[in-house]
**Student:** 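Dumping the structure here so I can ask a few things about it.
In this text, all values refer to a predicted model and were calculated from it rather than measured experimentally. Just so you know, these numbers use all the heavy atoms, side chains as well, and skip hydrogens, waters and symmetry mates.
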Amino acid sequence: MEILATIRIALRAILRNKLRSLLTVLGVVIGVCAVITMVNMGSGAQLSIEKAISGLGTNLLIIFPGSMTKGGMRAGFGSVTTLTDQDAQAIREECPGVQLVTPVVSTAAQVVYQNQNWGTSILGTDPDFQLIKNWPLEKGEFFTAQDVKAAAKVCVIGKTVVEKLFGGQNPVGHIIRVKRVPFRVRGVLTEKGQTSFGQDQDDTVVVPYTTAQKRLVGITYLSMVMASAVSMDRMSDAQAQIGDLLRQRHHIQKGTDDDFTVRNLADLTATFTIITGILTLLLGSIASISLVVGGIGIMNIMLVSVTERTREIGIRMAVGAKPADILMQFLLEAVLLSLIGGGVGILIGIILTATIEYITGWTTPVSFFAIVVSFLFSAGVGIFFGLYPARKASRMNPIEALRYE
Amino acid sequence: MKQFIFADQLYKTYRLDGNAEVHALRGVSLQVGKGEFVAIMGPSGSGKSTFMNLLGCLDTPTRGRLFLEQVEISSLTPIQLAEIRNKKIGFVFQNFNLLPRTSALENVELPLLYSRASATQRRERSREALARVGLQERMHNLSNQLSGGEQQRVAIARALVNNPSIILADEPTGNLDTQTSGEIMSILGDLNTISGITIILVTHEFDIARYAKRQVHFRDGKIISDQ
């Protein structure tokens, strides 16, 4: 029998019992819809994490001092005092893969403005900081290299600090006190929001690192050095160059542990990509279980349908339908049911994804791959669960089928 | 007369659930020539329906041989049997056996669907067949909107549409009143005399059997008279 006529017969059979077909298809609709939504949400989460990480800075490399072994005890990061301003200088001058370098001294302190006070993190850096972190100012201006050289008592502050100390006021030009040292506010950083680890990046006071060293902490070394690579694909080059340079400068013998660590945010991104990838797969496979359940629903209804239409099968056989014709007819009906379910499920899945995108503010790209796979999968479900009822129909004895009431 | 149907010592034994055996046919031999109109008569349980099922390629005999146009159909596969049902045999049943909620035209098209005729061919030949039974006006009506006589005429058109060499009519008038029965029988009679189609008619009514030129009586799985 020609395929077009078979499809017409199958469609008519489906439309004949509209409510029943609708309920049958619902299982597949929910299954496919769940798969699509889960996969899209997974890739949405992945994107938003990538965005958050790249928001930490572009092509960022962070050099931590630390992990020095002392008598078998390995202290954590920051426990050593070996990373210095000169190291930062040398990295800037001698590593061709590195574009920008900024020394960082970090501490935490109580900051006071008039009768308001607020505990926040203090970041001592230099003007390159805002380039490396990709962090423009909202108001005022950044402190200058001159300020750094002179260890001037100036600062730029994050939005959260502005809110806590100044309320609605413009803080530029005012004096805040950090550990009793007065700092003039030069500018306000734009709002950057939370890191993907839940840390508020706007809750900070940025001062010249020299000032932080001398006035606030009383040290001569650095908490860390931030550097940016010339480009994304030269990250590992830059990383290696920094490593070589610092080993040489710190006189580290071959075979002993480095007293510093170079962290590369690309690694972090890769880790998160793997984690979200696993999550997506997990969610997708849980969702696909509902697709299988939907398939069982189709099988159930097809079995009922075959029994109900025994007479019809008998008539068709009497006028010359071969077992293969009957098989095709019922199989196609099951496949059409599941494909209709798949199509509707894809549509609802896309709508649901858009809704979630709207609510969460994530960018959730609609995965073409997920659509194709779930469509093929629902076709597969139709074939798999339609085969048994269709075989049952095709193996009927025509005489008994004709007599069936 | 050319041997058109040739049954040679046909036996059919059914096994019931309780393992009891039912001997529906016990050695039936019959020859029918091309263009004959034969009525098969007998009480229920005489084996006439079983014999019709064998003739109609719906079933195969337990023992014995059956030839249709020199082809031994008693040893064919289900697929080959389906093909013969499609091309050579037209069925007319007591309860019409039309597809419900399907138009008359589409019911008639059904055999052509399985012989891979093109859509236009299907339409054309089905219209023709419906015209032959005088139903061209009602071809778009659904089968369940038609009267019993009309439904049986649709069934005859369906039997005709693939130009079969034989029509098997199993109690075709069993569900119809006398007048409609007469109409149906005269249609069958015309098909026999004008178109030369061999017709085998199963009935237990003598009035209906009169339309046939030859009557074969069955009893207890055997032929008891043939005249």
**Student:** Would you mind checking which part of L112(B) comes under 4.5 Å of any heavy atom in chain A, side chain (CB onward), backbone (N, CA, C, O), both or neither?
**Tutor:** neither
**Student:** When the ring planes of F67(B) and F6(B) are compared, do they come out parallel, tilted or perpendicular, using 30° and 60° as the limits?
**Tutor:**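 Ring orientation, 0 to 90° scale: parallel.
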**Student:** Could you look at P100(B) and say if it's the side chain, the backbone, both or neither that has a heavy atom under 4.5 Å from chain A?
**Tutor:**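 Looking at P100(B), just its backbone touches chain A.
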**Student:** Sort by residue number and list every member of residues 11-31 of chain A having a non-hydrogen atom under 4.5 Å from chain B.
**Tutor:**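 Near chain B, by residue number: R12(A), R16(A).
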**Student:** Is it true that R132(B) and E128(B) have a side-chain N and a carboxylate O under 4.0 angstrom from each other?
**Tutor:**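 Answer for the salt bridge query: no.
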**Student:** Side chain, backbone, both or neither: which part of A159(B) has a heavy atom under 4.5 Å from chain A?
**Tutor:**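 Contact with chain A involves no heavy atom of A159(B) at all.
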**Student:** Show me the side-chain donor-acceptor pairs of residues 380-400 of chain A shorter than 3.5 Å, one per line, residues at least two apart or across chains.
**Tutor:**
from    : atom 1 : to      : atom 2 : distance (Å)
S394(A) : OG     : R391(A) : O      : 2.9
N397(A) : OD1    : I399(A) : N      : 2.9

**Student:** Do any N or O atoms from the side chain of N40(A) and from the backbone of S367(A) form a donor-acceptor pair under 3.5 angstrom?
**Tutor:** yes
**Student:** Whether the side chain of Q152(B) engages the backbone of F93(B) through a donor-acceptor N/O pair (distance < 3.5 Å, no angle test) should be reported.
**Tutor:**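 Between the backbone of F93(B) and the side chain of Q152(B) there is a qualifying donor-acceptor contact (under 3.5 Å).
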**Student:** Using a strict threshold of under 4.0 Å (side-chain N to carboxylate O), is an ion pair present between D59(B) and K12(B)?
**Tutor:**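 A salt bridge is present here (some side-chain N lies under 4.0 Å from a carboxylate O).
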**Student:** Please check if the side chain of N86(B) supplies one atom and the backbone of V319(A) the other of a donor-acceptor pair under 3.5 Å.
**Tutor:**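 Present.
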**Student:** Just so I understand: if I count every heavy-atom pair under 4.5 Å between each of E83(B), E106(B), R122(B), R101(B) and chain A, which residue has the most?
**Tutor:** R101(B)
**Student:** Would you find a donor on one side and an acceptor on the other, under 3.5 Å apart, between the side chain of D325(A) and the backbone of K322(A)?
**Tutor:** yes
